[in-house]
Amino acid sequence: MRLTVDAKNTKVFDDVLTEEEFQTLFDYYNRIPLVFKQVQGEWNKVWSLSDGNILVGREILFPIGKTPPLHPEDSAMIPMIEKISELLLSTGFFNLDEIGGAIMTPFCWPPGTGLSWHNDSNYTGAFTFYTHNYWSPEWGGEFLTVEADDYIIDNKKDINWKVFDNQELYDVIMEKGIGHFFHPKPNRLIVNRGGERGILHKVSKSTIDSRARLTFQGFIK
């Protein structure tokens, strides 16, 4: 387990699980039930009409720093939850006395899917853990970020993500036109600060010949 990127609002950890723990988690992921987001009813408008059809599993709640009671069939997640809790606390982004815990959901991103530019202003922070066992740098699916402290100056801090016309947000991003990208490397954890001053980010669309991208997406309240 190692800290690979230590940025102002984003930290990246690699080799989070041991090889045995990761393989056990990957095997578990292959067995869990997943449904297309569309069947859940109301459109969650952070998802653009062009982002594609994503599959999701059931949500898991856990207090940061503690292992939640899990059904025995979910025991493969325990090492991941314990290490994610440890790393979330190590970032210095979050005050344990001010947060209620984390909610985590398994996602399957089929080839040709992504997520448009947005922020996590409704949350204290967020994290992504990559569960697939291989990824090619030719397949896309990168996590793209701009550090919002550098982009959203005081007179622009009220610019929010909009459903049908995001030109104001795009103009802010393009003022400098630079940022960071992170490949969806297996056994990698990306943690980002949320809130008004957190990062702006997106997931680039994967190519049509990629494998499915498997993630656990988490939000910190």
Side-chain angles (χ1 to χ4, degrees), residues 13 16-17 19-64 67-85 88 101-116 118 120 122-123 125-136 139-144 182-192 194 201-221:
F13 302 90
V16 172
L17 301 179
E19 290 185 11
E20 181 179 358
E21 289 169 341
F22 185 79
Q23 185 60 48
T24 300
L25 183 65
F26 175 73
D27 293 342
Y28 165 80
Y29 205 110
N30 280 263
R31 301 191 301 269
I32 60 176
L34 300 167
V35 299
F36 283 103
K37 284 187 69 65
Q38 290 88 332
V39 305
Q40 296 180 330
E42 183 180 356
W43 174 27
N44 181 344
K45 294 187 174 100
V46 73
W47 299 90
S48 164
L49 293 172
S50 61
D51 285 340
N53 298 326
I54 318 298
L55 294 100
V56 299
R58 59 183 174 83
E59 295 178 342
I60 302 152
L61 299 170
F62 65 90
I64 296 175
T67 303
L70 295 174
H71 192 279
E73 67 183 18
D74 297 328
S75 60
M77 288 193 296
I78 291 176
M80 176 187 63
I81 290 173
E82 290 179 341
K83 291 184 180 179
I84 286 178
S85 288
L88 289 175
I103 182 169
M104 182 174 67
T105 307
F107 277 70
C108 172
W109 308 68
T113 57
L115 182 57
S116 301
H118 66 288
D120 294 321
N122 293 330
Y123 300 97
F127 61 88
T128 300
F129 182 74
Y130 296 107
T131 316
H132 43 264
N133 61 358
Y134 176 75
W135 196 261
S136 167
W139 287 348
E142 298 92 353
F143 187 82
L144 311 176
F182 307 101
H183 286 298
K185 184 178 179 181
N187 206 7
R188 165 171 283 180
L189 176 71
I190 300 177
V191 182
N192 61 269
H201 54 289
K202 71 170 289 178
V203 178
S204 68
K205 283 192 174 182
S206 57
T207 61
I208 58 172
D209 58 346
S210 71
R211 295 183 185 177
R213 210 159 34 85
L214 307 178
T215 68
F216 279 97
Q217 304 288 153
F219 296 97
I220 300 157
K221 298 289 283 183

So which atom in [X] and which in [Y] form the shortest heavy-atom distance, rounded to 0.1 Å?
| X | Y | value |
| --- | --- | --- |
| P63 | S85 | O-OG, 4.2 Å |
| G140 | T207 | N-CG2, 4.5 Å |
| L55 | P110 | CD1-CG, 3.7 Å |
| R211 | W135 | O-CZ3, 3.4 Å |
| S206 | G112 | OG-N, 3.0 Å |
| L214 | Y29 | CD2-CE2, 3.8 Å |

- Task: Would you please test I190 and F129 for side chain to side chain contact (heavy atoms under 4.5 Å, CB included) and show each step?
- Result: CA-CA 7 Å; I190 300 177; F129 182 74; over 6 Å; no

- Main-chain N/O of N192 paired to H201 side chain as donor or acceptor, under 3.5 Å: no

- Message: Is it the case that the side chain of T128 and the backbone of Q217 share a donor-acceptor pair, with hydrogens and angles ignored and the cut-off at 3.5 Å?
- Response: no

Got a second to check how far [X]'s [atom1] is from [Y]'s [atom2], nearest 0.5 Å?
| X | Y | atom1 | atom2 | result |
| --- | --- | --- | --- | --- |
| I84 | F216 | CD1 | CZ | 8.0 Å |
| L25 | N30 | CG | CG | 10.0 Å |
| F62 | I81 | CZ | CD1 | 5.5 Å |
| Y134 | K185 | OH | NZ | 12.5 Å |
| Y28 | S75 | OH | OG | 8.5 Å |
| M80 | T131 | CE | OG1 | 6.5 Å |

- Item | E73 vs R31, salt bridge (charged side-chain N to carboxylate O under 4.0 Å, His left out): CA-CA, chis, key distance, verdict | CA-CA 10 Å; E73 67 183 18; R31 301 191 301 269; over 6 Å; no

- Query: Can you tell if the side chain of R213 reaches within under 4.5 Å of the side chain of V203, non-hydrogen atoms only?
  - Reply: yes

- Item | Residue pair S116 / K202, side-chain heavy-atom distance below 4.5 Å | no

- How about E142 and S204: does a side-chain donor come under 3.5 Å of a side-chain acceptor? yes

- Task: Mind telling me whether F182 and F143 have parallel, tilted or perpendicular rings, with 30° and 60° as the class edges?
- Result: tilted

- Item | Pair V35-V56, side chain to side chain contact (heavy atoms under 4.5 Å, CB included): steps then yes or no | CA-CA 5 Å; V35 299; V56 299; 4.2 Å; yes

- Task: Please assess M77 against I32 for the test side chain to side chain contact (heavy atoms under 4.5 Å, CB included), listing each intermediate value before the final yes or no.
- Result: CA-CA 12 Å; M77 288 193 296; I32 60 176; over 6 Å; no

